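First, the structure itself, so that you have it in front of you.
Below, all heavy atoms of this structure are taken into account, side chains as well, without hydrogens, waters or symmetry copies. It should be emphasised that the depicted structure is a prediction, and the values quoted were computed from it without experimental measurement.
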Amino acid sequence: MISYKKLIVVSLFLGLFSSFVWGQKVDPDPDLVVLKNVPYVTGGEYRQQLDLYLPKGYEKAEKPYPTILVVHGGSWTKGSKEEYVFLANWLVPEGYIVAITNYRLLDVAYFPAQLQDCKSAVRWLRANAEKYKIDKKHIGTWGASAGAHLVALMGSTAGMKEFDTGEYLDQSSDIQVVCDLFGPTDFSAIASLNPETLRASRKRLIDPEHPNQKDAWMKASPMTYVKKDMAPTIIVHGDDDELVPYKQSVIYDKALKEAGVDCQFITVKGGKHGGPDYMQPQVLKPIEAFFAKYLK
C-alpha cells in the first residue's frame with residue numbers, strides 16, 4: 001500500500017497540492033517510463049492525444065498491468081494532461097499503468113465530442129494492450145470536475161454503443177471502475193430552461209443551435225443512464241463546493257445505490273472545488289482501496 005504520509009510530505013515540496021487545482025506542473029518520477037503525446041485517433045486533432053506512464057521494465061512483465069485513465073477538468077474549455085502528472089507519480093509505483101488524456105474542448109466541438117474522445121482513448125488502450133502490457137480486463141478512470149463528469153458518463157453508459165465513434169470499434173470502451181471528484185451529474189435544471197434562454201447563456205456544453213435542447217442536456221447527464229450493470233463508482237465531493245453543488249453528488253450517490261451499483265461516497269467537510277483537502281489520507285486511502293478492489 002502507498003505511504004500516504006510520504007505522499008503528503010513529497011507533495012509539499014513538489015507543489016502537488018496546487019497542481020491538483022491550479023494546474024502547476026510537476027515532473028514525472030524518474031523511475032517511470034513516459035511516452036508523451038501519443039495519438040489515440042489517427043490523423044486527429046492535437047488534443048486527441050494521451051500520455052502513458054509505465055513502470056520501468058514493463059516490457060518484461062509476466063502479467064499485464066491494471067490501467068487508470070485520467071481525464072482532466074477545466075469546464076470543458078481548458079485544462080491539460082500535463083496538470084495531472086502527480087497521479088502517475090502516486091499510482092504507477094502501486095502497480096498501475098496511468099494514461100492521462102486530452103480531449104477536444106468546446107472551442108472545437110460541442111458535446112458529445114468530449115465523451116467520444118474519452119471512449120476512443122479507452123479503445124486505443126485495449127487495441128494496444130499487448131504492446132504496453134495493459135490489462136484489457138481492468139481499466140479504471142479518474143476525473144475531477146469536468147473530467148469527473150466525463151468519467152461518470154463513461155461508467156454509466158457501459159454497454160452502450162451510441163458514443164463509440166472512429167477507430168478500434170472491435171474493442172470495448174467500457175471501464176471497470178470510476179473515481180468521480182466533484183463532477184456535475186444531472187443537468188435536469190438546465191434542461192428545463194427555455195431554449196432561447198439557453199442559447200443566450202454561457203452554458204455552451206451543448207450546441208446552442210441543437211434543435212432539442214432538453215434532450216441534449218439529458219443525454220449529457222450521467223444520471224440519465226444509471227443502471228445496475230454500470231461501473232462501480234467512488235465519489236468525492238466537498239460540502240462547501242462553490243462551483244459544482246455538493247447536492248449533485250448526493251443525488252447521484254443515491255441513484256447509484258438504489259440501482260444496486262457498488263458506490264462509495266466521501267464527503268470532504270468544508271471542501272471547496274478542489275484543493276489540498278482532497279490530498280489527505282482519509283481521501284486517498286479509500287480511493288486506492290476502491291481501485292484495488294476492482295482493478296487488481
(request) Taking atom NZ of K296 as the centre, report whether more than 12 heavy atoms of other residues, nucleotides or ligands fall under 6.0 Å from it. (result)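 Yes.
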(message) So, using side-chain hydrogen bond (donor to acceptor under 3.5 Å, both in side chains) as the criterion, who are the partners of K257 when residues are at least two apart?
(response)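 K257: side-chain hydrogen bond (donor to acceptor under 3.5 Å, both in side chains) contacts with D253.
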(request) Assess the side chains of K36 and Q49: does a donor N or O sit below 3.5 Å from an acceptor N or O? (result)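 There is no such pair (donor and acceptor under 3.5 Å, judged by atom type) between the side chains of K36 and Q49.
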(request) Go through the steps to decide whether F163 and M154 satisfy the test side-chain contact (heavy atoms from CB on, under 4.5 Å), and finish with yes or no. (result) CA-CA 9 Å; F163 301 106; M154 294 170 72; over 6 Å; no
Show every donor-acceptor pair shorter than 3.5 Å between a side-chain atom in residues 181-193 and any protein atom, with sequence neighbours excluded, or say none if there are none.
residue: T185; atom: OG1; partner: Q248; partner atom: O; Å: 2.8
residue: D186; atom: OD1; partner: S188; partner atom: N; Å: 3.0
residue: D186; atom: OD1; partner: S188; partner atom: OG; Å: 3.1
residue: D186; atom: OD2; partner: S188; partner atom: OG; Å: 3.3
residue: S192; atom: OG; partner: A189; partner atom: O; Å: 2.7

(request) With rounding to the nearest 0.5 Å, note down the distance linking OH in Y58 to CG in L32. (result)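 So the gap between those two atoms works out to 12.5 Å.
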(message) Classify the ring geometry of Y103 against H72: parallel below 30°, tilted from 30° to 60°, perpendicular beyond 60°.
(response)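 The arrangement is parallel - the two ring planes meet at less than 30°.
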(request) Mark yes when over 12 heavy atoms from residues, nucleotides or ligands other than E59 sit less than 6.0 Å from its CD; otherwise mark no. (result)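 Atom CD in E59 is packed in, count exceeds 12.
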(message) Does K81, at its NZ atom, have more than 12 non-hydrogen atoms belonging to other residues, nucleotides or ligands within less than 6.0 Å?
(response)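 Count over threshold, so yes.
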(message) Is there a path of hydrophobic side-chain contacts, each under 4.5 Å between heavy atoms, that joins F291 and Y294?
(response)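 Per the 4.5 Å side-chain linkage, F291 and Y294 are co-clustered.
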(message) Going by the rule salt bridge (Lys or Arg N to Asp or Glu O under 4.0 Å), which residues pair with R47 if we only count those two or more places apart in sequence or in a different chain?
(response)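 R47 satisfies salt bridge (Lys or Arg N to Asp or Glu O under 4.0 Å) with no other residue.
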(request) Evaluate whether atom NZ of K161 has more than 12 neighbouring non-hydrogen atoms of other residues, nucleotides or ligands under 6.0 angstrom away. (result)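 Yes, the 6.0 Å shell around NZ holds more than 12 heavy atoms from other groups.
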(message) Please give the remaining members of the hydrophobic cluster of M218, linking ILVMFWY side chains under 4.5 Å, ordered by chain and number.
(response)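 None; M218 is a cluster of one.
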Determine all donor-acceptor pairs shorter than 3.5 Å in which one atom belongs to a side chain in residues 63-71; sequence neighbours excluded.
residue: T67; atom: OG1; partner: Y65; partner atom: O; Å: 3.2

(request) For the residue pair E167 and T42, confirm or rule out a side-chain donor-acceptor distance under 3.5 Å. (result)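 E167 vs T42: donor-acceptor pair found between side chains.
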(request) Give the other cluster members for L256, using side-chain heavy-atom distances under 4.5 Å between Ile, Leu, Val, Met, Phe, Trp and Tyr residues; answer none if it is isolated. (result)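 Cluster partners of L256: M223, V226, M230, I235, Y246, V250, I251, Y252, V261, F265.
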